[in-house]
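Below: the structure, in structure tokens.
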Amino acid sequence: MSITNLTIPLPNESLVTATAYVLPVTTPQTSQFPGIILCAGGSFKHLSQRENTLAALAFHSRGFNVYSLNYSLLLPETESLYPKPLHELASTVAFIRTNAKKFNQDPNAIITLGFSAGGHIVSALAGTWSTVKLASELALSSESIQPNAQILAYPLTDLTSFFTDKSVGINHITAVPELINTQKLVNAKTPPTFIWSSYTDTAVPLSNTLGYINQLAKNKISFESHIFSSGIHGTVLANSLTARPEKGASDINPHVATWVDLAIEWILSQFDVQKTSTSSFMPSK
């Protein structure tokens with residue numbers, strides 16, 4: 001395994017960093033791997049290290065290159081956070097695709113994964129990558145910033161359902177009305193989607209997932225969804241590795257933990273060419 005800190009240039013001469021977990025080439029048949037660009041949650045105020053690092057390692061150990069993105073967060077002086085994290089994610093997709101050979105990366109199997117608030121950023125790109133506006137803002141082609149698939153884990157898709165704290169208003173997140181609710185951005189070019197959440201999640205209402213699923217169906221986008229009957233917000237892998245001490249056993253849910261296997265099986269169904277490179281990492285039946 002190679003762990004590298006990446007510095008990704010942005011069009012305004014600023015930079016964003018990511019931690020890359022890159023698999024080595026072992027045989028000519030496994031010279032390219034599917035890749036996941038991961039956006040952790042944290043209410044746009046911090047990056048959950050349980051999601052940013054532990055989730056990244058979980059997917060990496062199963063045959064994926066993983067790039068954990070350190071996207072911009074809210075600061076007291078920030079007038080509006082967006083579009084910065086959207087630009088950073090899109091630029092990262094283009095950077096990984098352009099440097100695919102260097103990372104043993106399949107340029108046609110770049111998957112974005114967003115947890116909670118990170119899901120808002122990921123779903124925002126899913127709905128805007130094909131627009132002339134976003135590509136022109138980045139001086140990149142639409143094709144270069146296209147995610148080939150996306151995974152949304154207990155995602156925040158509608159800011160109006162979450163930000164009730166007056167100290168962090170929606171305008172603090174985005175002044176662009178179109179980015180308030182990423183459900184409304186779903187269109188015919190939105191990539192295939194795997195999305196999951198829990199019925200008993202009280203932090204991000206289930207409407208965030210159900211509304212997004214509804215729009216995927218309306219736009220005839222291939223998707224797989226799982227609504228688990230129980231589970232709290234932020235369980236990540238839902239096992240002892242990612243459990244929070246203050247949450248105790250509530251963070252451990254073997255049934256919810258199956259989402260990782262389900263997501264990997266779904267990815268393999270989307271990218272048949274990658275089955276040889278990841279099959280050895282699949283659990284035995």
Side-chain angles (χ1 to χ4, degrees), residues 1-9 15-27 29-42 46-72 85 88-116 118-119 121-122 125 145 147-153 194 234-242 257 259-268 270-271 273-283:
M1 177 177 68
S2 170
I3 303 177
T4 307
N5 292 319
L6 305 180
T7 300
I8 299 151
L15 303 167
V16 66
T17 63
T19 301
Y21 305 85
V22 178
L23 290 161
V25 172
T26 55
T27 69
Q29 289 74 33
T30 57
S31 60
Q32 290 185 328
F33 299 94
I36 292 175
I37 301 176
L38 190 155
C39 290
H46 70 278
L47 295 176
S48 166
Q49 288 308 303
R50 295 178 308 116
E51 294 165 350
N52 208 30
T53 302
L54 297 179
L57 289 171
F59 277 94
H60 180 67
S61 70
R62 299 285 290 277
F64 295 85
N65 290 332
V66 183
Y67 314 90
S68 293
L69 183 63
N70 300 311
Y71 60 83
S72 292
E88 291 167 345
L89 177 56
S91 297
T92 301
V93 173
F95 181 84
I96 298 303
R97 181 165 281 127
T98 300
N99 293 280
K101 187 173 182 180
K102 177 181 177 182
F103 301 125
N104 307 327
Q105 172 66 49
D106 184 341
N108 298 311
I110 297 176
I111 302 122
T112 48
L113 164 59
F115 292 89
S116 193
I121 300 168
V122 165
L125 178 61
I145 63 175
N148 300 114
Q150 66 171 340
I151 299 173
L152 301 175
F194 181 97
T235 54
V236 197
L237 303 178
N239 60 21
S240 59
L241 182 65
T242 57
W259 80 265
V260 177
D261 288 345
L262 292 168
I264 291 174
E265 290 172 354
W266 175 81
I267 291 171
L268 296 180
Q270 300 297 309
F271 305 103
V273 70
Q274 296 301 329
K275 287 186 177 179
T276 55
S277 66
T278 57
S279 59
S280 61
F281 296 90
M282 293 299 293

When you compare the side chain of [Y] with that of [X], does any pair of heavy atoms fall below 4.5 Å?
X: L23; Y: H60; value: yes
X: E51; Y: S68; value: no
X: Y71; Y: L47; value: yes
X: I36; Y: Y21; value: no
X: T235; Y: T242; value: no
X: I151; Y: I267; value: yes
X: I111; Y: Q270; value: no
X: Q32; Y: N108; value: no

- request: Using the side-chain contact (heavy atoms from CB on, under 4.5 Å) rule, take V66 and L57 through it: C-alpha gap first, then chi angles, then the decisive distance, then the call.
  value: CA-CA 8 Å; V66 183; L57 289 171; over 6 Å; no
message: Could you check whether any side-chain N or O of S61 sits under 3.5 Å from a backbone N or O of A58, counting only pairs where one atom can act as donor and the other as acceptor?
response: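 Checked: pair present.
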Might you point out which heavy atoms bring [X] and [Y] nearest each other, and give the distance in Å?
X: S116; Y: G41; result: CB-CA, 4.2 Å
X: A56; Y: N52; result: CB-O, 3.4 Å
X: L237; Y: L241; result: CD1-CD2, 4.2 Å
X: I145; Y: A94; result: CG2-CB, 4.0 Å
X: L15; Y: P9; result: CD2-CA, 3.7 Å
X: V236; Y: A55; result: CG1-CB, 4.0 Å

task: Report the C-alpha separation of N5 and T17 in whole Å, then their side-chain angles, then the decisive distance to 0.1 Å, and conclude whether the side-chain contact (heavy atoms from CB on, under 4.5 Å) test is met.
output: CA-CA 7 Å; N5 292 319; T17 63; over 6 Å; no
message: Nearest 0.5 Å, please: how far is CZ in R97 from CG in D106?
response: 9.5 Å
query: Can you tell me how far CG of L113 sits from CG of L69, rounded to the nearest 0.5 angstrom?
result: 11.5 Å
query: For Y67, what residues pass the ring-ring contact (aromatic ring centres under 6.0 Å, His included) criterion, not counting sequence neighbours?
result: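 Applying ring-ring contact (aromatic ring centres under 6.0 Å, His included) to Y67 gives F103.
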message: Against I96, only a single residue in I37, I8, N65 fulfils side chain to side chain contact (heavy atoms under 4.5 Å, CB included); can you say which?
response: I37
task: Decide side-chain contact (heavy atoms from CB on, under 4.5 Å) for L89 and V122; before the verdict, give the C-alpha distance in whole Å, the side-chain angles of both, and the deciding distance to 0.1 Å.
output: CA-CA 8 Å; L89 177 56; V122 165; 4.1 Å; yes
task: Please test V16 against T92 for side-chain contact (heavy atoms from CB on, under 4.5 Å), starting from the C-alpha separation and ending with a verdict.
output: CA-CA 8 Å; V16 66; T92 301; 4.1 Å; yes
task: Could you tell me how the ring of F59 sits relative to the ring of W259: parallel (under 30°), tilted (30 to 60°) or perpendicular (over 60°)?
output: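 Rings of F59 and W259: tilted, as their planes differ by 30° to 60°.
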